[in-house]
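These notes are about the structure you will find just below.
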Amino acid sequence: MEHSSRLDISLSDINGPLRLSLSGGLTLESSKALTAALDRGIHPAACPDLVLDLQGAENIEPAGLAALQLYLTQVRQALGLPEPAVEFPALPLEEAKVLP
């Protein structure tokens with residue numbers, strides 16, 4: 001199954017964190033495309049305060065997530081920066097059981 005993804009890069013304010021927001025699917029293939037785009041762009045992985053926002057992701061494959069996190073970690077470790085914060089989508093809650 002193929003999943004398309006979209007990456008939005010935003011800065012809340014001059015002192016706020018840089019937010020990489022992903023929507024759609026995160027697969028191994030899409031993570032390769034995302035890291036290539038980040039390498040060609042403004043190198044947002046090097047921003048001191050970085051948030052990887054996956055709340056809009058419809059599908060997250062473990063291999064795709066691992067590849068993206070490895071890329072971000074390698075770029076940031078080389079610059080002495082901490083790992084980025086990751087915001088995951090909320091898990092669906094089971095229906096509440098009502099006792100009679």
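These numbers were taken from a predicted model, which means no experiment stands behind them. The residues of the chain are indexed from 1 along the displayed sequence.
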Distance in Å, Ser21 OG paired with Asp53 CG, rounded so as to fall on 0.5 Å steps: 4.0 Å
Gln55 atom CD, neighbour heavy-atom count above 12 within 6.0 Å: yes
Shared ILVMFWY cluster between Val51 and Leu68, side chains joined below 4.5 angstrom? no
Kindly compute the distance separating CD (Glu87) from CG (Leu22), expressed to the nearest 0.5 Å. 12.5 Å
Can you give me the closest heavy-atom contact between Glu61 and Leu28, atom names plus distance? OE1-N, 4.0 Å
Quick one: CD on Gln77 to CG on Leu70, what's the gap to the nearest 0.5 Å? 9.0 Å
Steps toward side-chain contact (heavy atoms from CB on, under 4.5 Å) verdict (Leu65, Phe88): CA-CA 11 Å; Leu65 177 59; Phe88 290 99; 3.7 Å; yes
Count I, L, V, M, F, W, Y as connected when their side-chain heavy atoms are under 4.5 Å apart, and connections chain through other members. Are Leu18 and Val86 then in the same cluster? yes
Flag yes if Ile60 and Leu38 sit in one hydrophobic cluster, no otherwise; membership is Ile, Leu, Val, Met, Phe, Trp, Tyr, and two members link when side-chain heavy atoms are under 4.5 Å apart. yes
Transitive ILVMFWY side-chain link Leu54 to Leu20, under 4.5 Å: yes
In short, Glu83 meets Arg76 closest at the heavy-atom pair C-NE, 4.0 Å
Look up atom CG in Leu52 and atom CG in Leu34, then write down how far apart they are to the nearest 0.5 Å. 9.5 Å
I'd like to know if the side chain of Ser30 reaches the main chain of Gly25, judged simply by a donor and an acceptor atom lying under 3.5 Å from each other, with no hydrogens or angles considered. yes
Specify the closest pair of heavy atoms between Pro89 and Ala57, including all atoms of both residues, with the distance to one decimal. CG-O, 4.2 Å
So, for Gly64 and Leu26, which heavy atoms are closest and what is the spacing to 0.1 Å? C-CG, 4.0 Å
